[in-house]
Asks: 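Please read through the structure below; I'll follow up with questions.
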Amino acid sequence: MEVVNIILTVILVIVTSIYTYITYKTLLSYKNPILFLRTLLVDSEYEWDKYLMRDLDPVQEQIRGLSKINIDKKIKFKIVNNGVNPAYDIIIKYEIHTFKNDIMFGIDEADVKDYKPVLYKTSKREKEYNYLAPKEDIDFDIVFTSNFPRIEIIVTELKSNEVTSIKKRTTIFVYKNSEHCEIGDSIDYRNMIGV
């Protein structure tokens, strides 16, 4: 009977030690900032930032496949620190993929058979922030939707000195031009797909 008590005591000590170690590691992880990323689509209220669109600007060009209908919206990022400690030296790396429509014609240009989005331009960008307090956020504009039929936002990295939140390519947001749902007649259709 004594041997059984000794074995049970040893097992209890081992289980208690493992539980204490797991609890310690869990509580230690809560001391780090918790970075959370939100993507927002908001009205731009006729605002335009040439620097923001520097390598994507479709307005200067009349490109077949870009919608002739301009949508007044912009895509924003909001980085939130949900932790109890501040985050230092925050870095976010992301890519913007814009698309245009590849149009298949029938007999002539008035006879549009079909269209599909194809990659038009890509922009790789990086933002850095020195400090983000707990329970605070930073928001910034990414891109205006303009006359692109489709935009994909891909984050490749989001990290601070304390924690890495995103470390592999992740598609965060896909925008599709809302005009594609509001076609009234063939003229609207041709304007929408960029003919």
Side-chain angles (χ1 to χ4, degrees), residues 15-60 67 70-99 117 119-179 181:
V15 169
T16 305
S17 298
I18 292 171
Y19 177 74
T20 304
Y21 177 75
I22 292 171
T23 304
Y24 170 75
K25 287 302 238 179
T26 303
L27 290 175
L28 188 62
S29 70
Y30 286 122
K31 290 176 108 178
N32 286 332
I34 300 169
L35 296 180
F36 181 72
L37 182 65
R38 289 191 178 133
T39 309
L40 308 167
L41 180 65
V42 297
D43 287 330
S44 63
E45 300 168 357
Y46 304 105
E47 173 187 356
W48 186 258
D49 185 344
K50 192 170 185 171
Y51 179 75
L52 193 64
M53 300 297 287
R54 61 191 175 275
D55 46 358
L56 301 170
D57 190 7
V59 174
Q60 303 302 324
S67 177
N70 204 3
I71 306 297
D72 267 340
K73 295 203 180 288
K74 63 183 172 182
I75 302 170
K76 300 177 76 146
F77 271 156
K78 181 181 276 194
I79 302 173
V80 182
N81 181 359
N82 283 335
V84 294
N85 286 332
Y88 296 95
D89 298 326
I90 301 160
I91 297 173
I92 181 168
K93 295 179 183 177
Y94 60 97
E95 298 174 4
I96 303 167
H97 296 266
T98 58
F99 292 78
L119 188 62
Y120 174 55
K121 289 185 179 181
T122 297
S123 175
K124 294 182 180 185
R125 299 182 182 178
E126 180 177 326
K127 286 265 195 187
E128 296 183 15
Y129 296 97
N130 293 332
Y131 177 81
L132 181 57
K135 307 299 181 202
E136 295 290 325
D137 60 69
I138 300 169
D139 66 339
F140 58 94
D141 297 337
I142 301 171
V143 67
F144 291 93
T145 58
S146 187
N147 54 353
F148 297 113
R150 180 183 172 104
I151 300 172
E152 291 181 0
I153 309 295
I154 299 167
V155 174
T156 56
E157 185 176 32
L158 173 59
K159 68 178 184 177
S160 68
N161 280 349
E162 301 79 16
V163 66
T164 299
S165 297
I166 299 174
K167 55 185 165 187
K168 64 178 185 174
R169 292 174 54 86
T170 306
T171 301
I172 298 293
F173 188 77
V174 176
Y175 163 81
K176 293 182 182 175
N177 189 326
S178 61
E179 292 295 321
C181 301

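Predicted, not measured: the structure shown is a model, and the values here were computed from it.
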Asks: Any side-chain heavy atom of Arg150 within less than 4.5 Å of one from Asn177?
Replies: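 They are not in side-chain contact.
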Asks: Please check if the side chain of Asn81 supplies one atom and the backbone of Glu136 the other of a donor-acceptor pair under 3.5 Å.
Replies: no
Asks: Which distance, rounded to the nearest 0.5 Å, do you find between the CD of Glu128 and the CD1 of Ile92?
Replies: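 Glu128 CD to Ile92 CD1: 11.5 Å, rounded to 0.5 Å.
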Asks: Decide if atom NZ of Lys76 counts as having more than 12 heavy atoms of other residues, nucleotides or ligands within a radius under 6.0 Å.
Replies: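 Yes, because the 6.0 Å sphere around NZ of Lys76 holds more than 12 heavy atoms from other groups.
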Asks: Check Pro33 against Glu162 and note the closest heavy-atom contact, atom names and distance.
Replies: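 The answer is CD-CB, 3.5 Å.
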Asks: For Asp55 and Lys121, work out which heavy atoms get closest and say how close.
Replies: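 Closest pair (atom of Asp55, atom of Lys121, distance): O-CD, 3.6 Å.
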Asks: Count the heavy atoms of every other residue, nucleotide or ligand shown that sit under 6.0 Å from NZ of Lys135, and state whether that count exceeds 12.
Replies: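 Result for NZ/Lys135: enclosed.
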Asks: Is there a side-chain contact between Tyr94 and Glu126, using heavy atoms and a 4.5 Å cut-off?
Replies: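 No, their side chains stay 4.5 Å or more apart.
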Asks: Hey, could you give me the CD/CD1 distance between Glu157 and Ile166, rounded to the nearest 0.5 Å?
Replies: 10.0 Å
Asks: Please check if the side chain of Thr170 supplies one atom and the backbone of Ile172 the other of a donor-acceptor pair under 3.5 Å.
Replies: no
Asks: Kindly compute the distance separating CD1 (Ile79) from CG (Asp137), expressed to the nearest 0.5 Å.
Replies: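 The distance works out to 9.5 Å.
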Asks: Test side-chain contact (heavy atoms from CB on, under 4.5 Å) on Phe77 and Leu37; report intermediate values, then the result.
Replies: CA-CA 7 Å; Phe77 271 156; Leu37 182 65; 3.8 Å; yes
Asks: Applying side-chain contact (heavy atoms from CB on, under 4.5 Å), run through Leu40 and Ile75 and close with a yes or a no.
Replies: CA-CA 6 Å; Leu40 308 167; Ile75 302 170; over 6 Å; no
Asks: Using 4.0 Å as the upper bound for N to carboxylate O, is an ion pair formed by Glu95 and Arg169?
Replies: yes
Asks: Taking the side chain as every heavy atom from C-beta outward, state whether Val80 and Ile138 have any pair of such atoms under 4.5 Å apart.
Replies: no
Asks: Under the 3.5 angstrom rule, does the side chain of Lys127 hit a backbone N or O of Lys93 as a donor-acceptor pair?
Replies: no
Asks: List the steps and the verdict of side-chain contact (heavy atoms from CB on, under 4.5 Å) for Lys74 and Val143.
Replies: CA-CA 6 Å; Lys74 63 183 172 182; Val143 67; over 6 Å; no
Asks: So, taking the atom named CZ in Arg125 and the one named CD1 in Ile142, what distance separates them when rounded to the nearest 0.5 Å?
Replies: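 Result: 9.0 Å between the selected atoms.
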Asks: Examine Tyr175 together with Phe148 and report whether their ring centres are nearer than 6.0 Å.
Replies: no
Asks: Give a yes or no on whether the ring-centroid distance for Tyr131 and Tyr88 is below 6.0 angstrom.
Replies: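 Between Tyr131 and Tyr88, the centre distance is under 6.0 Å.
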Asks: Nearest 0.5 Å please: distance from the NZ atom of Lys167 over to the OG1 atom of Thr156.
Replies: 14.0 Å
Asks: Can you measure from OG (Ser44) to CG (Asp141) and round to the nearest 0.5 angstrom?
Replies: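 Rounded to the nearest 0.5 Å, the OG-CG separation comes to 9.0 Å.
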Asks: Consider side-chain contact (heavy atoms from CB on, under 4.5 Å). Of Leu41, Ile154, Val155, Ile96, which one does Phe173 pass it with?
Replies: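 With Phe173 as partner, side-chain contact (heavy atoms from CB on, under 4.5 Å) holds for just one option, Leu41.
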Asks: Please test Leu35 against Leu132 for side-chain contact (heavy atoms from CB on, under 4.5 Å), starting from the C-alpha separation and ending with a verdict.
Replies: CA-CA 9 Å; Leu35 296 180; Leu132 181 57; 4.2 Å; yes
